[in-house]
A.B. asks: 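Before anything else, here's the structure in question.
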Amino acid sequence: MNKTTNEIRSNFLNFFKKKGHIVLPSSSLVPHNDNTLLFTNAGMNQFKDIFLNEKKRPHPRVTTVQRCLRTGGKHNDIENVGYTTRHHTFFEMLGNFSFNDYFKKEAIMYAWELLTSPIWFNIPKKKLWISVYKDDKESYEIWNKIIEIPPDRIIIIGDKDNIQYNSDNFWQMGDTGPCGPCTEIFYDCEQNTLNHHLDTFEKKQDYLLEIWNIVFIEFNRISDTKIIPLSAKSIDTGMGLERIASVLQNVLSNYKIDIFQELIKSISYFSPIKDLNHPSFKIIADHIRSCAYLISDNIIPSNEHRGYVLRRIIRRALRHGHKIGIKEIFFYKLIPSVIKIMEPFHNKLNCNKEKIENILKIEEIQFTKTLDKGLKLLKKEIQKTKNGILNGDIAFYLYDTFGFPIDLTADVCYEHKIKINYQEYNQEKEKQKKKSSLSNKFYKNYNEAIILNNNDTCYFQGYQKYKTHAVIKTIFIQNKEVKKIEKNQIGIIFLNQTSFYAESGGQIGDIGKLYNTESYFKVEDTKKYGNTIGHIGKLIIGKMTINDHIYSKIDTVHRNNIQLNHTATHLLHAALRCNLGDNVAQKGSLVTDKYLRFDFSYPKHINLSQLQKIEKIINLKIQNNILITSQEISLKEAKKRKAISLFEYSYKPIVRVISINDFSIELCGGTHATRTGDLGYFKIISYSSIASGIKRIEAITGESTIDYLHKIDHDIQDISLILKSNNSNIKENINKLIIQIYSLEKQVKQLQDKTNKYQIKKLIEKIEHIQDVKILIEILYENHLKTLRTIINQLKNKFEKGIILFINKKDKNITAISYVSKNLINCITAKKIIQELLQKTHGKGGGNNEMAEGGGINIQKLPLALQHIKLWIHKKILNQ
Ligand code: SER
């Protein structure tokens, strides 16, 4: 009989336990030691520092089953999910790791033994192919001489584009970090392969499924060009559980394996569609697992970062629910099925069941309100497209108004063989970000088109003067031009001249006041409307009328902070180009009083040391206290001086150029600090990749930096207090704690094993015999379900023919677990025993013929129910 996925998972761990490995738990989907990684995407992530010799190894040999997510980060498989047989967002990776212990020979021999030994996975040797890295002669020899794989089934893989180590058989965790050559094992999926053997790799390629990757971690990549050998050689292997299950269960798709079939069956209860091969079933089945684990790992749906990835996955799944005709709120109802298929291994899900269900339910209720409407609109637009491309503004409208994540829209378009104009979509998104500044609450009330009819001209005096005398030219309230504005009214005031800078070139608008002796208008934002500048705000005192003489006075603290960040943006732009090359091009910028955000094109990852180098250059320029100059010169002259200009701008013949020595020369209309020293200190606070080839840096200057550094000091102090250590040895103490945890976990496990052994001895004494059937019905106390399962597994061999039923009381919870040996299931099954018990005690549960579990048992009903169950079992045995 084929092995179940759960059996494969435990077989793997048991095999490596037998080879001297300790089993460590999966780490969270949120990497705790690597902020360059959005989600854990490989088994080795949690051991990165051990490979690099920066952290002590918990044991020389370790094995894990790691939950992984491949979406929204470097590895992004979401678009393929459902449409291929192999892709997942969430999957489990089986891995064995050696930290400076065994190396190539043992790693290869272990993998081979597990895959081919008749007592383990028993895969016919002829079904397996091997690949090795071109320079890795040692592995080749091991495969060929020791394992005796014929040379025609060992494929040697070289480098791509002649770049050293740029190869499918040289594994790297990321742009930097542990790496090394690898050897991969492939399974030949061609059905009649044993008698119809295609001889060359090229002909075979389409049939070969990579099942196991064995990486020889020998190097640390420091940068694109620098790779250094590690003092310790280690092993990192990875085998996708769902893939190996598809091989061992002899099905051609991961979605056909037992656990997915069970999950798909649960989804089908909600849908009128009977064809369970429909991609939507696979997508929902894949996505519900991701969602369950993400929420269990404390991610909640939101509009940014990891939370947005979760939201996107949920919404994509809901759209597919809609597609297969599901009419009710269903997604959260799949959680019990997910728990059922995954529980044997990860009981963490069950502990978070209520939280996961609640969050999913709320998300679904919210999104369902707009899903239908959005889809109708999208379908109409798709019908209208002529060149097979959906306009980016439609995709943006769907995102903005109906909450359609872009990949949901892309998914629908994909089904209609239509592409999205992503450039247009990104431009719309960027525009909206700028709009949603402080003034949003005012801005929303205004129809820009009406205000743009206004033919005023306003002279900006605010480069030099923070206060300007001015005359009111026009007033708008609620899209109407009016003669006056009164107390508490919100409106836009236009002047003949002003000190207020209107939002442009990424710099946000000024705030401040318009006033005279009788009245005061509070300016909340400033925007450009054609040739004029609108002061958006509220009249606080008195009233203002057309032709009134007033003063325009900006909030100088606000403006100064903006200026520091604007100058910092120029320094950053120049430092990036000077470090990473002239191909760095600005793609977007936001300069506020609190921070700056700078988006730019750069194809590769920028590591921490590169970022620190950039930060240092900027701070040295700040220390040099360079005078910042602005000049109006001809465009021709500016070009001659190689001034940086902005991507989408068309310039007038005379341009304004901001220079910081010759380090930075940039065309710019914004306002700036007087000298670089005014910035105080420049600090990068975040770095991310926002789209393919586009990076984002956020940074702060001036007082914000002091607050930021103080916060870090406080955090470190708090951590020191918690750890009872001083600041200098925090890292050491955390490492010690981790090792202590590993060792305590080991001790707990040993104690638990001892207690189990004692408990088992006592239980064996209580076995009853009816005919040749052994029966054990017992009430136990204070055990976890997992422990009960372990006890049953250990007792099983004493029950060649027998029945076990344990009732367990822990706190207020009463649970039950039952086991029935295979040779009895024609007469009685574990599932029936549990059902019979639960019926009498108002509990809930389920399981299969051999093993079943239940909970929520009513204590008052238990004694009678137990009596009944004992009699019922006896009767069944006697009648068998
Ligand atoms: N780290 C390697 C991979 O992810 C092997 O585990 O393929």
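When a ligand or atom number is given, it counts from 1 through the structure's own listing order.
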A.B. asks: Distance under 4.0 Å to a non-hydrogen atom of Met44: what atoms of ligand 1 satisfy this?
C.D. replies: 1 (N)
A.B. asks: Out of the candidates Arg316, Arg315, Arg312, Arg319, only one should pair with Asp407 under the salt bridge (charged side-chain N to carboxylate O under 4.0 Å, His left out) rule; please name it.
C.D. replies: Arg312
A.B. asks: Short list, please: which atoms of ligand 1 are under 4.0 Å from a heavy atom of Thr237?
C.D. replies: 5 (C), 6 (O)
A.B. asks: So which heavy atom on Asn41 is nearest to which on Leu69, and how close?
C.D. replies: CB-O, 3.8 Å
A.B. asks: Short list, please: which atoms of ligand 1 are under 4.0 Å from a heavy atom of Gly238?
C.D. replies: 5 (C), 6 (O)
A.B. asks: At less than 4.0 angstrom from any non-hydrogen atom of Val215, what atoms of ligand 1 do you find?
C.D. replies: 2 (C), 5 (C)
A.B. asks: Can you confirm whether Ile235 sits close enough to Glu106 that some side-chain heavy atom of one is under 4.5 Å from a side-chain heavy atom of the other?
C.D. replies: no
A.B. asks: Hey, which atoms in ligand 1 end up nearer than 4.0 Å to a heavy atom of Ala42?
C.D. replies: 4 (O)
A.B. asks: May I have the list of side-chain donor-acceptor pairs in residues 14-23 shorter than 3.5 Å, sequence neighbours left out?
C.D. replies:
from	atom 1	to	atom 2	distance (Å)
Asn14	ND2	Ser10	O	3.3
Lys19	NZ	Glu113	OE1	3.0
Lys19	NZ	Glu113	OE2	3.4
His21	ND1	Phe16	O	2.9
His21	ND1	Lys19	O	3.2
His21	NE2	Tyr102	OH	2.7

A.B. asks: Return yes when atom NZ of Lys355 has more than 12 non-hydrogen atoms of other residues, nucleotides or ligands closer than 6.0 Å, and no otherwise.
C.D. replies: yes
A.B. asks: Starting from atom 7 (O) of ligand 1, find the nearest protein heavy-atom neighbour and note its residue, name and distance.
C.D. replies: Asn213 ND2, 3.1 Å
A.B. asks: Below 4.0 Å, non-hydrogen atoms only: which portion of Met173 touches ligand 1? Side chain, backbone, both or neither.
C.D. replies: neither
A.B. asks: Return the closest protein heavy atom for atom 6 (O) of ligand 1 as residue, atom name and distance.
C.D. replies: Asp236 OD1, 2.8 Å
A.B. asks: Check whether any side-chain heavy atom of Glu210 sits under 4.5 Å from a side-chain heavy atom of Arg243, and report yes or no.
C.D. replies: yes
